[in-house]
Each structure stands twice: as C-alpha cells, then as structure tokens.
There are 2 protein chains.
Amino acid sequence: MAQTQSLPLFVQISEMLIRDISAGRLLDGERLPPERDMAGQLQISVGTLRKALADLTAKGLLERRQGSGNYIRQGSDTASVYALFRLELIAGGGLPTAQVLSVATMTKPDDLPAFGRSDVAHRIRRLRRLNGQAAALEEIWLDGSYTKALRVEDLSESLYLFYRRNLGLRVQRAEDRIGMGVCPDWGSGLLGADKESLGLVERVTWDQDGHSAEFSRTWFDTDKVRYVSRLR
Amino acid sequence: MAQTQSLPLFVQISEMLIRDISAGRLLDGERLPPERDMAGQLQISVGTLRKALADLTAKGLLERRQGSGNYIRQGSDTASVYALFRLELIAGGGLPTAQVLSVATMTKPDDLPAFGRSDVAHRIRRLRRLNGQAAALEEIWLDGSYTKALRVEDLSESLYLFYRRNLGLRVQRAEDRIGMGVCPDWGSGLLGADKESLGLVERVTWDQDGHSAEFSRTWFDTDKVRYVSRLR
DNA sequence: AGGAATTTGTGCGTATGTATC
DNA sequence: AGATACATACGCACAAATTCC
C-alpha cells in the first residue's frame, strides 16, 4: 500500500465511501461489513479504516453502534456533502445555483473584522438562487494569502470545491453570527421586492491549519428562504 | 490503565486541558511539550494523547503543526467551550444566565417536526439573559425517550451538562434553521419592547447514537443580541 | 545552502473492555 | 450465557514538515 505524493490512505477510503453513497451504491440504513472484514477486503488495517469511518461520522453520513455495526445515514442532500451550511426554500429544498456578479482584489476595508494573515483580500459578490429564483446576496472576502489573483472565470459553482482543488484550502470550521441587516447598495433590486430588513449571516471560516480564511455576509429574505447550518 | 465505569481516558485528558486553558494555566499561543514527552508525563500512550489533542483541534482550541509543535489557540470565549451555539450582545460578549420558566411533559403537538423516538416530549421554557438583561426566549422539546419525568429543580444552568450527567445524553450534532418569527404568547412582554418580528432559530440536535434528541426554538431581538453558531 | 535533529502525521498490529444481538 | 462487533488503549516503524545549526 505505498501511496506517496497522493492523499493519505484514510482520506482516500473516506472519499471513496462518500462517492459510493452519492452514487447510490450504498443506501440509507445499509449496514457495512464488520470492520475487520472490511479492512481485509480493502487491504488496509483496522485502525486506518476506523479513521476513515470517523470522518464519515463527523460528516453525519454514518452511525456507528458499538456491538451492532456501522450504518449508512444518508443526509437529505448527498450532493453538498461538504457543505456546512445551505439555503433552502421555506417550503423545503430548492435546487441551488450561484451567479458570480463581480470579483475584485483590494486592501481590506476598515469595516471588516480582523481575519487572515494578509492585508489584501479578494471580494466575491454572488447572487444565489433556489430553483432559479433569486434567494440571497453574498459577499465573500477571501484572505489574500491563498492566491495572488482571482478571476470570475476561475470560480466554479462550488466555491469550496475551487478552494480545495485550486488553492489547497480546506474549510474545517466556521462561525456564524445571525442577525438582521439592510440590503447593500450593490444588491438593491436583485432580491425582488425591497425590504426594510433582511436576514443577515456573517461568517468566519478557518482552514485546515487553524488560520481564518474568509469573512462573508449573506443577506436573504426571511419570508422566502431559510438558512441552515449543520453543527458538530 | 484500567478505567472501568469512568469516562474514557482520552476524554479525561481533553477535558483537563480545556480546564487548563479556561483557568489560564495554558495561554494563547503557548506551545505544548512534544507529544512523546507529554504522554510520558501523563503516563499515557502517544496515541491516546493524540486523540485528546484531536478533540481540542476540533473545538478550535489547538493548532497542530507537523514538524513544529502543538499550539494553544484560545478562542474569544473560554467559558462556553462546550457550547456549539451561544447568544452574545451586539457589543460583544455578555455573561449568560438562564431562568427556567416552566417544565411540562405531554404528547408532542402536531406543529412540531418529526424528531426522537417517543410520542411524548418534555417542554422546557427558558428566559435567557446576558449581563442580567433579558436576551432571548427559548422553548426546548426534549424527546421523551431519555427520561420519564423532568422537574424544574433538576435543571442546572447548563442544560447540556444536565443531559450528559443525568440522562447520559451527549449532543453530537445539530442543525439550525434561521429565520424570523413572532413572539410566542407565553413570552410576550418578557423581552421588553414589543417587536413585530424577532430573530428565530429552530434547532434539531442529535445524540451520540445518531438519534434526534431535541427540537427547540429561540426568539431574540436582533437589535440587541446576536446568535453565534460554531460549525465543524 | 544544506544537512541533521526535532516534531507531528500516517499506518500497522494487538490486547482488552463493553455494548449488542 | 455466548458470540459478535465496535471502543479504547498501547506500542512501533516510517514519512513528511519544520526548525536549527
């Protein structure tokens, strides 16, 4: 099992299992083979497998029952397994898409809280939709230490996928502050009927090394949309 | 290292370190001894110590740097280390206290979402304060499967401590839904000036076995208070 | 600049405890 | 009560990152 210059073995196993769940090869409620058997099939040690399974548990995809077995727990959304937070329609669900409005790089304005290790940051403004309907405005400040430049065409639908694949940045932890706020100038009109007051979530995220990576604000109409955060 | 009928060793170590941080015996930025030395001092194996340290990392209290060392990262709030979520004054901080208004046990009303394994639930209503000032109303529905009866005098300041110590219930995961709502009848007047609309967080929590344990609603004045959730 | 020493990360194997079936 | 299966704990070897000289 030599595996230099690739991801750690337990990460490979964990991601393989996540793919199996996403693809429907492992179904909700299904029981996995005993750890020793499974480790034997995969040609890895029990300890390594256990580390991969602990990862799935942390993501809420697995339930481990001592004396019983390991059971797949497929969350409501398999697509956004990596997502710690999501927007959803009050009615429930909604297909999420995101449209990048602008990207800019500048020295951090004074009204931002302290985060990251650089004086500069990339500002990403997005309009997020659910089932095609405008649902929220988002302004993300990514610390300048991860990349020098950022272009609109770099950004795929999933920011976190881009962060991970292109910048080597993995978001490990986040803190949300929930309150109300007024619609920013640049977003006026984009959310439909103008409201005096919108739901506002301010978020700071941290990377795999414990450094704060992003500060972001998300404005949304609380009559149409809910903001869901998954904690552990 | 026999340790029957007490908490696992790695949990004991983790909690000891958290107490050390809270008490100021370990300061922000401080570097811990090498793992092997530390394990030797504590008379435990390196693997066990590593599990405790992983726990601190997950809580955002430690930064581990390969080839360098383990560094204390003291969050803004040392007191509520166990908390996944907290209320704070917009100005920042505030000493949290909670006053139980009522406890009742009944079959679950229809307007609750599906959670837990029992048909009955305990309803706990609390008034939460910050620096003595009324900050939020809270209605918690605890699934009936954890205990038959619940009395006001059972409940300590920290519900989660009570859950763990008396009910064997450890909250492992939670999901918050953020929106707006109107003040419930039973709480009118308690939050001071009547508002048309309050911040509302609906929360479902899961126990160590992956069963949903609680459903709760928290109402708060978004002009005075912010709701903070810590994700991982 | 570069190599050695230090320190954490990964992976393996094993023994024993404890919950479930 | 016995078998099964996960949980905890120990120890070792080597890899990778950092630091120091």
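What you see is a predicted model, and the numbers here were worked out from it, not measured in a lab.
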Practice item. Evaluate side chain to side chain contact (heavy atoms under 4.5 Å, CB included) for Ser102(B) paired with Val152(B), printing each intermediate quantity in order. Key: CA-CA 7 Å; Ser102(B) 73; Val152(B) 176; over 6 Å; no
Revision key, fill the gap. Looking only at dC10(D), dT8(C), dG11(C), the nucleotide nearest the Ile44(B) side chain is dC10(D)
Exercise for review: Looking only at side-chain atoms of Pro34(A), point me to the closest of dA9(D), dA5(D), dC12(C).
Suggested key: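 Minimum distance to the Pro34(A) side chain belongs to dA5(D).
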Sort me out a list of protein N/O and nucleotides 18-20 of chain D N/O pairs below 3.5 Å, or just none if empty.
none

Output the rounded distance in Å from [atom1] ([X]) to [atom2] ([N]).
{"X": "Leu49(A)", "N": "dA5(D)", "atom1": "CG", "atom2": "P", "answer": "14 Å"}
{"X": "Gln12(B)", "N": "dT8(D)", "atom1": "CD", "atom2": "P", "answer": "12 Å"}
{"X": "Leu42(B)", "N": "dT8(D)", "atom1": "CG", "atom2": "C1'", "answer": "17 Å"}
{"X": "Phe10(A)", "N": "dT10(C)", "atom1": "CZ", "atom2": "P", "answer": "4 Å"}
{"X": "Glu35(A)", "N": "dG17(C)", "atom1": "CD", "atom2": "P", "answer": "19 Å"}
{"X": "Leu9(A)", "N": "dC12(C)", "atom1": "CG", "atom2": "P", "answer": "6 Å"}
{"X": "Leu53(A)", "N": "dG11(C)", "atom1": "CG", "atom2": "P", "answer": "14 Å"}
{"X": "Glu63(A)", "N": "dT20(C)", "atom1": "CD", "atom2": "P", "answer": "11 Å"}

Study note, to complete from the structure: Which of Tyr146(A), Tyr163(A), Trp141(A) passes side-chain contact (heavy atoms from CB on, under 4.5 Å) with Glu214(A)? Answer is Tyr163(A)
Exercise for review: Apply side chain to side chain contact (heavy atoms under 4.5 Å, CB included) to Ala104(A) and list each qualifying residue two or more places apart in sequence or on a separate chain.
Suggested key: Met106(A), Arg123(A)
Check the phosphate of [N] against [X], side-chain N and O only, distance under 4.0 Å to OP1 or OP2. Yes or no?
{"X": "Lys51(B)", "N": "dT8(D)", "value": "yes"}
{"X": "Thr48(B)", "N": "dA9(D)", "value": "no"}
{"X": "Arg50(B)", "N": "dT8(C)", "value": "no"}
{"X": "Arg31(B)", "N": "dT7(C)", "value": "yes"}
{"X": "Asn70(A)", "N": "dC6(D)", "value": "yes"}
{"X": "Arg36(B)", "N": "dT7(C)", "value": "no"}

Practice item. Taking Lys108(B) for its side chain and Ser118(B) for its backbone only, find out whether a donor-acceptor pair lies under 3.5 Å. Key: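 Pair found, side chain donor or acceptor close to backbone of Ser118(B).
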Practice item. Quick one: label Gly47(B) by what it contacts on the DNA or RNA (base, sugar-phosphate, nothing), any heavy atom closer than 4.0 Å. Key: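 The residue Gly47(B) makes no contact with any strand.
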**Study point:** Verdict with reasoning, Leu26(A) to Leu32(A), per side chain to side chain contact (heavy atoms under 4.5 Å, CB included)
**Key:** CA-CA 9 Å; Leu26(A) 290 173; Leu32(A) 297 179; 4.1 Å; yes
Check your understanding: How are the rings of Phe215(B) and Phe115(B) set to each other: parallel, tilted or perpendicular (split at 30° and 60°)?
Key ->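 Plane angle between 30° and 60°, so tilted.
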Check your understanding: Just one of Thr147(B), Asp143(B), Thr105(B) clears the side chain to side chain donor-acceptor pair (under 3.5 Å) bar with His122(B), so which one?
Key -> Thr105(B)
